[in-house]
Amino acid sequence: MTGTAPREGLTALAETLDAAQLHGAPVSQSGAAMTLADAYAVQHLLVGRRTSRGDRISGVKLGFTSRAKAIQMGVDDVIIGSVTERMRVEDGGLLDAAGFIHPRIEPELAYLIGSDLPADADDAALRQAVVGVAPALEIIDSRYLDFRFDLEDVVADNTSAAAYVIGPWTDAATAGDLGNRGVRLEVDGRLCATGSTAAILGHPDRALATALRMSRAHGFELRAGMVLLAGAATAAVPLPHGAHVAASVTGLGSVWMRFGGGAHD
Ligand code: OOG
Ligand code: MG
């Protein structure tokens, strides 16, 4: 299949991915030669199914903004997805493991957008709209078998988004230059990954311009109160049941969560 896939095919794929997440059962890679535009159309249909069940979009996330992630997953292009209120876990909270397939955890940096961005806003306007920065954790859980996908598959699957945790916000005006801060990820007190915020697009603030450009290109909105996850600074690590996970960014403090409950307990 080349060119633009028929709308029914895209709707069917969104349903399949939605069911995979709801039932915690992975599905085969789509096998279809989707265009990137098709893949984003599927993603919007998929997230639309969530919002029609009462969820709300709470932010956007970028993926593959670091070499470590691109190498780990074999996908080189930056991608964008949505995160929702029901994906949000309180700092220090418990994420219910029920329904997860093969979760992984990533240390990230989050930006808080303080005001709605008009359609014609430029990069400077977005920088000005950012009111806070925080260490964050992202839990990803591909709905595809063996966590394997190509660019279009992972875009269709809302960039593997599953859950996220935001640490304490620091006022963006006083946070200082975020260009080279140490990043640490600990699972059960064991250091699993270390890196630098410089791994994120060379400087994590570049995530702002990238998010603005990609939002425009692929039909996302940036609104007051939304978070922007800039992408993992290190490769993702498996998230075992019962784990206690913490991430820190030098100068911004730390964020943590537990993963458990669900069918296992
Ligand atoms: C896709 C999501 C990548 C990141 O921070 O790079 C991502 C995946 O690896 O499954 O969230
Ligand atoms: Mg991520």
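Every heavy atom of this structure was used, including side-chain atoms; hydrogens, water molecules and symmetry mates were not. Atoms within each ligand, like the ligands themselves, are counted from 1 in listed order.
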Approximate separation, where rounding is to 0.5 Å, of Leu201 CG and Arg67 CZ: 12.0 Å
Go through the steps to decide whether Tyr40 and Ile79 satisfy the test side chain to side chain contact (heavy atoms under 4.5 Å, CB included), and finish with yes or no. CA-CA 10 Å; Tyr40 277 106; Ile79 56 178; 4.0 Å; yes
For Gly63, the atoms of ligand 1 under 4.0 Å from one of its heavy atoms are 3 (C), 4 (C), 6 (O), 7 (C)
Please say whether Phe64 places an N or O atom under 3.5 Å from an N or O atom belonging to ligand 1. yes
Value for CD (Glu152) from CG (Leu13), rounded to nearest 0.5 Å, stands at 11.5 Å
Using ring centroids (six-membered ring only for Trp), state whether His44 and Phe220 fall under 6.0 Å. yes
With heavy atoms and a 4.0 Å threshold, my read on which part of Leu229 contacts ligand 1 is neither
May I ask you to identify the nearest protein heavy atom to atom 2 (C) of ligand 1, giving residue, atom name and distance to one decimal place in Å? Thr159 O, 3.3 Å
for atom 11 (O) of ligand 1, nearest protein heavy atom and its distance come out as Lys61 NZ, 2.8 Å
Please could you name the atoms of ligand 1 that Phe147 approaches to less than 4.0 Å, counting only its heavy atoms? 10 (O)
Give a yes/no on ligand 1: does Glu108 have at least one heavy atom closer than 4.0 angstrom to it? yes
Give me the nearest non-hydrogen protein atom to atom 9 (O) of ligand 1 as residue plus atom name, then the distance to 0.1 Å. Lys69 NZ, 2.7 Å
Restricting to N, O or S, what is the name of the atom of Glu138 that lies nearest the Mg ion (ligand 2)? OE1
One should read off an interatomic distance between Met226 CE and Leu112 CG, to the nearest 0.5 angstrom, of 11.5 Å
Close-contact set for ligand 1 against Ile140 heavy atoms, below 4.0 Å: 8 (C), 9 (O), 10 (O), 11 (O)
With heavy-atom distances below 4.0 Å as the criterion, list the atoms of ligand 1 near Gly231. 5 (O)
Step-by-step side chain to side chain contact (heavy atoms under 4.5 Å, CB included) determination, Arg206 to Asp123: CA-CA 10 Å; Arg206 294 209 179 111; Asp123 292 356; over 6 Å; no
What's the separation between atom CG in Leu151 and atom CG in Asp76, rounded to the nearest 0.5 Å? 9.5 Å
Rounding to 0.5 Å, atoms CG (Leu17) and OG (Ser30) come to a distance of 8.5 Å
Glu108: its N/O/S atom lying closest to the Mg ion (ligand 2) (atom name): OE2
Test of proximity, Ser160 against ligand 1: N or O pairs below 3.5 Å: yes
Distance, nearest 0.5 Å, that separates CG of Leu137 from OH of Tyr164: 12.5 Å
Based purely on interatomic distance, does Ile79 place a nitrogen or oxygen under 3.5 Å from a nitrogen or oxygen of ligand 1? no
Does the side chain of Asp38 pick up a donor-acceptor pair with the side chain of Thr35 at under 3.5 Å? yes
I'd like to check which ligand 1 atoms, numbered from 1 as shown, lie under 4.0 Å from a non-hydrogen atom of Met73. 9 (O)
Name of the Glu106 N, O or S atom nearest the Mg ion (ligand 2)? OE1
Report the part of Gln72 in contact with ligand 1, treating N, CA, C, O as backbone and CB onward as side chain, heavy atoms under 4.0 Å; options are side chain, backbone, both, neither. neither
